[in-house]
Amino acid sequence: MPTMADVARSAGVSVATVSHVLNGTRPVLPHTRQAVLDAVDALGYTPNSLARSLVTSRTRSIGLAVSAISNPFFTEILQGVEAAALEAGYSLLIADPHDDPVHERKVVQLLHERRVDGMIVAPSADPHALMDYLARHSVPTVFLDRVLTRDEGATSGPEGPAGPAGPDQVCAENVEPMARLVGHLTALGHRRIGLVAGLPGLSTTTERIAGYRQALTSAGLRHDEDLVVSGNSESSGAERATAALLARPEPPTALVTANNAMTIGALRALHRQGLAVPDDIALCCFDDFAWADLFSPRLTAVAQPSREIGAQAVQVLLDRLATPDRPARTVRLPCAFVHRTSCGCPEEQARVLGREEPVRRLGREGGRDEGTGPRPDGPGGTASASARSTLSEKGTTS
């Protein structure tokens with residue numbers, strides 16, 4: 001088996017130079033670096049990862065803790081994380097916290113005990129034990145998909161788990177895309193719009209409810225809290241929640257689901273009631289998925305940039321590892337409005353308006369840091385005047 005010394009002789013450099021090239025511990029001239037890499041390929045040299053980690057105190061591994069890995073949204077995030085980590089020369093250790101705070105704390109500790117260089121975590125609705133552990137052990141961490149407020153991210157020490165201001169965070173926009181989705185329904189004439197919201201306590205749930213309310217306010221509609229029900233971010237919960245909405249004396253004329261799993265549950269409840277979409281009730285969903293275009297009717301949805309979220313989380317973590325003392329940041333990535341026909345628009349109109357429209361213009365590096373970036377377009381405004389006139393009598397209660 002070839003050794004590092006063999007690589008050094010073949011490349012005509014010192015063993016120390018080979019080490020610097022392979023470990024990235026010191027800049028090396030491009031032609032020298034290429035000579036080392038060519039020698040590695042020619043000899044079939046495989047670095048000893050264990051020995052390297054003892055020297056550098058780095059394992060070149062990342063811990064990923066996300067729940068519901070079987071969910072297509074998180075599956076695509078995983079693919080984005082894995083591809084970006086591999087490109088940067090990092091391996092991935094994966095755990096499922098099951099959105100349970102106690103289990104979350106355990107799996108994060110297990111990942112940490114395997115000496116990962118940093119972690120990417122989708123925190124649960126109660127992340128206090130997680131935050132305490134990460135802060136106590138100064139684990140470089142990026143929170144994924146969900147964000148914490150300053151109060152939630154506070155720790156008893158002077159620093160959070162990722163830096164002076166707490167963890168870095170990467171997620172999609174939630175408020176404006178949901179407002180766009182609901183605003184499209186109000187523009188079509190709907191006045192009673194039900195929302196099947198996610199698990200209470202998650203930032204995604206809070207922000208999407210805020211977007212729903214923002215759209216109603218913009219349309220001059222009052223907030224009927226009885227039209228907002230929790231599907232607990234999963235299919236069976238959404239099925240029960242949708243059934244409860246349909247059983248109301250004045251059921252909604254349109255329905256919005258706040259993630260893809262809940263869309264399946266809502267569709268199941270509508271089918272059990274013998275209701276057709278969109279003839280009996282319009283349906284829009286937050287989270288596009290691969291087969292949404294295969295339903296009849298095709299599902300109008302907000303599409304999150306799931307792979308980009310995963311890749312961006314890796315980049316933010318690598319930035320943290322390179323500069324441990326820099327201020328923490330929250331990066332928001334834009335979503336797209338995918339206009340199909342479950343909202344009640346005819347097939348021809350969906351094609352004319354475009355299958356996919358950005359809800360927010362791209363900011364810096366494909367996203368934006370929290371607190372910066374252009375203002376979003378207002379909700380709604382996509383329906384034609386004739387469509388608004390045709391549906392103006394829907395849900396007359398305001």
Side-chain angles (χ1 to χ4, degrees), residues 67-68 71-77 122 144-147 171-186 188 190 193-216 227-235 237-239 241-242 245 252 254-267 269-270 277-278 281-293 295 297-309 332-343 355-360 376-377 379-380 382:
S67 300
N71 184 317
F73 172 68
F74 282 112
T75 300
E76 291 194 0
I77 281 184
L144 182 78
D145 182 51
R146 300 153 188 171
V147 298
C171 59
E173 296 283 358
N174 286 297
V175 177
E176 292 90 350
M178 178 59 86
R180 171 69 183 276
L181 204 60
V182 176
H184 180 63
L185 292 170
T186 65
L188 290 173
H190 291 281
I193 301 171
L195 173 64
V196 181
L199 186 69
L202 296 181
S203 65
T204 48
T205 299
T206 302
E207 290 179 353
R208 290 170 195 175
I209 291 175
Y212 165 84
R213 291 172 175 163
Q214 182 183 103
L216 295 182
L227 292 178
V228 179
V229 292
S230 175
N232 289 323
S233 297
E234 44 93 23
S235 178
E239 184 175 358
T242 302
L245 281 175
L255 187 65
V256 177
T257 54
N259 78 2
N260 55 18
M262 292 191 293
T263 301
I264 301 301
L267 284 168
L270 295 174
V277 176
I281 185 169
L283 175 66
C284 293
C285 50
F286 201 109
D287 269 355
D288 198 22
F289 44 96
W291 53 90
D293 201 36
F295 282 93
R298 301 181 302 118
L299 297 179
T300 295
V302 163
Q304 298 190 76
S306 46
R307 294 196 186 198
E308 290 84 351
I309 291 172
R332 295 274 189 170
L333 295 176
C335 295
F337 177 78
V338 187
H339 190 192
R340 300 191 181 104
T341 55
S342 65
C343 54
R355 288 180 46 127
E356 188 168 315
E357 308 165 12
V359 174
R360 174 184 290 278
D377 295 331
T382 59

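The residues of the chain are indexed from 1 along the displayed sequence.
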request  = Take Phe337 and Thr300 through the side-chain contact (heavy atoms from CB on, under 4.5 Å) test and state the conclusion after the steps.
outcome  = CA-CA 8 Å; Phe337 177 78; Thr300 295; 3.9 Å; yes

query = Can you check side-chain contact (heavy atoms from CB on, under 4.5 Å) on Leu181 and Val256, steps first, answer last?
reply = CA-CA 8 Å; Leu181 204 60; Val256 177; 3.9 Å; yes

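Of all the heavy atoms in Ala179 and Ala215, the pair that sits closest is O-CB, 3.5 Å. Asp288 and Ala303 make their closest contact through CB-CB, 3.6 Å (heavy atoms, listed as atom of the first residue, atom of the second, distance). Listed here is the closest heavy atom pair of Ile77 and Ser306: CG1-O, 3.3 Å. Annotation for Ser233 and Asn259: closest pair O-ND2, 3.2 Å, computed over non-hydrogen atoms.
Screening Asn174, Leu195, Thr257 against Phe286 for a side chain to side chain contact (heavy atoms under 4.5 Å, CB included) leaves a single residue, Asn174.
Not one N or O on the side chain of Asn232 forms a donor-acceptor pair closer than 3.5 Å with the backbone of Glu234. Arg298 places no side-chain N or O within donor-acceptor distance of the main-chain N or O of Arg340, the cut-off being under 3.5 Å. Side-chain atoms of Asn260 do not come within 3.5 Å of backbone N or O of Asp287 as any donor-acceptor pair. A donor-acceptor contact shorter than 3.5 Å links the side chain of Thr205 to the backbone of Leu199. No donor-acceptor pair closer than 3.5 Å links the side chain of Thr341 to the backbone N or O of Pro297. Distance alone, capped at 3.5 Å, is enough to place a donor-acceptor pair between the Ser342 side chain and the Leu283 backbone.
Phe289 is linked by a ring pair (Phe, Tyr, Trp, His ring centres under 6.0 Å) to Trp291, counting only residues two or more places apart in sequence or in another chain. Looking at residues two or more places apart in sequence or on another chain, you find a side-chain contact (heavy atoms from CB on, under 4.5 Å) between Val229 and Val196, Ala241, Leu245.
Between the CD1 atom in Ile193 and the OH atom in Tyr212 there is a gap of 6.5 Å [rounded to 0.5 Å]. How far CG of Asp145 is from OG of Ser203: 7.0 Å, rounded to the nearest 0.5 Å. A distance of 13.5 Å separates SG in Cys343 from CG in Leu255, rounded to the nearest 0.5 Å. To the nearest 0.5 Å, the span separating CE on Met262 from CD on Glu239 amounts to 13.5 Å. The OG1 atom of Thr206 sits 11.5 Å away from the CZ atom of Arg146 when rounded to the nearest 0.5 Å. Between the CG atom of Leu333 and the CZ atom of Arg307 there is a distance of 15.0 Å, given to the nearest 0.5 Å.
Contact check on Glu207 versus Arg332 returns a salt bridge, with a Lys/Arg side-chain nitrogen under 4.0 Å from an Asp/Glu carboxylate oxygen.
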